[in-house]
Amino acid sequence: MRRPRLGFAAAAGVTLALALGLALAATAYLREREARKQSAEVAKDALAAALKVEQLAQALLQATGEGKHSLLRDSVGLSSLRKAAEAWPLERIQSELRDRPELQADLLIYRGTPWKMSDLLDTNQTAFMKLLINDNPEAIPMLKEGLRLRTELHGINHESVASAHGTLAEVLLKSIQWLVSGPSSGTAAWTNTLAEAESHAREAVRVARLTRPESLDVADSLQTLSEVLEAQRHLGEATAARQEALAIKTKLLPPQSFALNGLRSLLASLQEESGDLDAAVESWKSAVAGLGKDSATLIGVNIRLKLARLLQRTGNLQQAESECREALRLAKDRLASREAEPQFDQRSVCISLWLLSAVLEEQGKFDAAVEACREALPLAEALGFAKTYMLRTRLGRLLAKWSLADSKDGDPTSASRAAALTRAREAEQSLRAEATRIPPDGARGDLGLAIMALVTADPSLQPEARTAKLREAEQLLLARYGDLQ
């Protein structure tokens with residue numbers, strides 16, 4: 001009987017060993033699973049904390065007037081947050097964060113906001129936000145789900161809900177303005193998206209007014225609403241909303257803050273678009289006055305040029321010339337500085353010269369206008385401007401006008417008459433070449449003017465040649481302008 005007992009004992013020992021092994025394995029597995037669970041929870045806690053830091057950073061930027069799209073990259077570790085957030089697509093957020101609805105909502109809204117998912121510089125942000133919106137088709141679904149969760153958590157009148165409405169309204173607007181495959185203007189899809197954006201923007205304003213009636217949150221919500229209304233061509237209501245936003249921000253922000261001055265510029269553009277040119281001039285002047293340290297930036301130069309262009313349009317030519325010259329000085333200083341961005345700064349210099357030549361032409365300062373035009377032309381050609389032909393045509397026209405002005409000297413042998421003849425010949429030669437290009441109409445009309453300048457400046461022309469040239473000039477001018485009588 002010993003053998004069976006020994007066999008039974010051996011089998012029992014093996015069974016016990018297996019059971020003990022399974023128990024140890026199960027215990028190790030449970031510990032590992034608990035450790036993984038704890039590790040996952042620690043990671044979630046870290047993500048939640050980082051999102052709160054980001055919200056505080058954005059609030060700080062808002063309070064100092066740096067703008068809600070400005071970025072605190074390395075200073076608060078937001079670059080790391082962006083990289084961590086990229087690992088959380090919509091499906092993962094919905095499945096793995098079900099037990100953390102507040103974190104779920106915060107992450108959804110963060111992930112769905114394109115300008116928060118970029119570590120690119122603000123100067124390039126418009127172009128890159130287009131790419132971000134096109135590369136993130138989940139943005140709007142994320143924002144809508146985040147809004148739903150925040151509403152469930154806090155009710156419809158909570159400030160975080162107002163913020164979610166505002167962000168969704170803004171992204172809906174940008175999605176139809178910048179989406180490569182988005183709806184075309186005027187289509188039902190376009191109209192419906194704008195209506196949805198307006199609804200969210202108005203709700204953002206309503207809730208923000210409940211919590212803090214005279215706050216930057218109200219101003220930002222009004223600003224978003226004005227952009228949506230502008231896109232819908234409701235310009236009067238858009239202007240009123242933007243003016244109210246500006247009034248609030250003027251009380252709360254430093255006078256030369258980026259956000260405040262940006263809003264001044266947006267209001268000026270809207271007033272100009274609405275036809276209220278006097279108000280637009282004052283708003284552009286206010287924007288120039290508010291530039292401060294930003295005067296020498298690309299944005300500062302651009303604001304001055306917009307003021308100069310409107311001053312020209314309203315007949316304030318001396319002021320327009322002054323602003324053009326100041327913009328040109330600043331643009332040239334930037335181009336020569338360490339902060340230069342050659343492609344952008346050369347463009348600013350060229351546009352300043354181009355506008356200056358037009359303002360000088362209207363004042364009859366043809367010599368200075370020609371000088372500005374000659375300086376601008378090689379820059380425009382090097383930059384590949386599509387409408388460089390207009391600058392070449394202007395140069396020819398300016399030479400012709402200058403020639404006609406100087407040809408009034410009664411002495412045909414005088415130096416001024418000789419210079420006028422030289423300019424008239426250059427004008428005719430350049431405009432004949434330009435008239436063969438596309439589109440030729442303007443060049444043809446200016447060629448007629450140049451031929452008249454040549455006839456006026458050249459006393460050596462024989463009567464037959466003079467008559468033939470005058471007839472050609474008349475035909476060209478009639479073809480361009482019609483019967484002026």
Side-chain angles (χ1 to χ4, degrees), residues 305-306 308-315 317 320-321 323-325 327-328 331 346-408 419-458 461 468-484:
L305 288 175
K306 288 185 175 181
R309 189 173 288 111
L310 185 56
L311 288 167
Q312 177 200 18
R313 183 179 170 188
T314 54
L317 298 178
E321 179 184 345
E323 292 298 338
C324 279
R325 291 192 181 281
L328 178 61
Q346 285 175 2
R347 181 182 178 86
S348 293
V349 170
C350 183
I351 292 173
S352 300
L353 287 165
W354 195 323
L355 182 56
L356 177 61
S357 71
V359 172
L360 291 168
E361 179 182 3
E362 287 193 46
Q363 295 180 86
K365 299 178 179 180
F366 302 124
D367 52 346
V370 165
E371 182 182 350
C373 212
R374 288 195 193 279
E375 189 177 352
L377 187 54
L379 279 173
E381 290 172 340
L383 290 166
F385 281 6
K387 294 187 177 180
T388 304
Y389 69 88
M390 296 175 67
L391 200 54
R392 291 192 295 265
T393 300
R394 173 175 290 165
L395 178 57
R397 181 176 68 250
L398 287 168
L399 288 166
K401 287 183 175 181
W402 190 7
S403 174
L404 283 168
D406 279 1
S407 293
K408 295 176 182 177
L421 178 58
T422 300
R423 287 191 288 272
R425 285 172 174 165
E426 181 185 350
E428 184 196 22
Q429 182 180 3
S430 64
L431 287 168
R432 281 197 186 279
E434 206 59 39
T436 63
R437 303 175 190 267
I438 305 236
D441 290 348
R444 286 174 181 168
D446 290 332
L447 175 58
L449 184 65
I451 293 170
M452 289 185 66
L454 182 61
V455 170
T456 304
D458 190 356
L461 277 176
K469 283 189 173 294
L470 286 173
R471 187 177 296 115
E472 181 187 6
E474 181 182 16
Q475 290 173 347
L476 287 165
L477 289 168
L478 284 172
R480 179 68 179 95
Y481 300 108
D483 188 351
L484 297 180

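For the pair Glu361 and Arg397, the salt-bridge criterion is met [side-chain N within less than 4.0 Å of a carboxylate O]. Look at Glu381 and Arg392 and you find a salt bridge, because one of the NZ, NE, NH1 or NH2 atoms lies within 4.0 Å of a carboxylate O, short of that distance. For the pair Arg394 and Asp446, the salt-bridge criterion is not met [side-chain N within less than 4.0 Å of a carboxylate O]. Salt-bridge annotation for Glu426 and Arg374: present, with a side-chain N of the basic residue lying under 4.0 Å from a carboxylate O of the acidic one. Taking 4.0 Å as the cut-off between side-chain N and carboxylate O, Glu428 and Lys469 count as a salt-bridged pair.
The neighbour count for Glu472 CD, taken as heavy atoms of other residues, nucleotides or ligands under 6.0 Å away, is above 12. Surrounding CD of Glu362 are more than 12 heavy atoms belonging to other residues, nucleotides or ligands, all under 6.0 Å away.
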- Message: Test salt bridge (charged side-chain N to carboxylate O under 4.0 Å, His left out) on Glu434 and Arg444; report intermediate values, then the result.
- Response: CA-CA 8 Å; Glu434 206 59 39; Arg444 286 174 181 168; over 6 Å; no

- Query: Under the side chain to side chain contact (heavy atoms under 4.5 Å, CB included) criterion, do Leu398 and Cys373 qualify, and how do the steps go?
  - Reply: CA-CA 9 Å; Leu398 287 168; Cys373 212; 4.1 Å; yes

- Item | CA sep, side-chain torsions, deciding dist, call: Leu310, Arg313, side chain to side chain contact (heavy atoms under 4.5 Å, CB included) | CA-CA 5 Å; Leu310 185 56; Arg313 183 179 170 188; 4.1 Å; yes

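The line from CD1 of Ile451 to OG1 of Thr456 is 11.5 Å long, rounded to the nearest 0.5 Å. With values rounded to the nearest 0.5 angstrom, Leu379 atom CG is found 11.5 Å from Trp354 atom CH2. Distance CZ/Phe366 to CD/Glu371: 15.5 Å, rounded to 0.5 Å. Here the straight-line distance linking atom CG of Leu377 with atom CZ of Phe385 works out to 11.5 Å at 0.5 Å rounding. Here OG of Ser357 is found 9.0 Å from CG of Leu395. Values are rounded to the nearest 0.5 Å. Rounding to the nearest 0.5 angstrom, the gap separating the CG atom in Leu353 from the SG atom in Cys324 is 9.5 Å.
Closest approach of Leu399 to Ala427, counting heavy atoms only: CB-CB, 3.8 Å. Pairing each heavy atom of Ala308 with each of Leu355, the nearest pair is CB-CD2, 3.9 Å. Of all the heavy atoms in Asp458 and Arg425, the pair that sits closest is OD2-NH2, 3.8 Å. Leu454 and Leu461 make their closest contact through O-CD1, 4.4 Å (heavy atoms, listed as atom of the first residue, atom of the second, distance). Of all the heavy atoms in Ser430 and Gly396, the pair that sits closest is OG-CA, 4.0 Å. Taking every heavy atom of both residues into account, Leu477 and Leu449 meet most closely at CD2-N, 4.2 Å.
For the pair Leu328/Arg325, no side-chain contact is recorded, criterion being any heavy-atom separation below 4.5 Å from C-beta on. Counting heavy atoms from C-beta outward, Lys365 and Glu321 have side chains that approach closer than 4.5 Å. Side-chain contact check for Glu375 versus Leu356: every heavy-atom pair is 4.5 Å or farther apart. Taking the side chain as every heavy atom from C-beta outward, Leu360 and Gln363 approach each other to under 4.5 Å.
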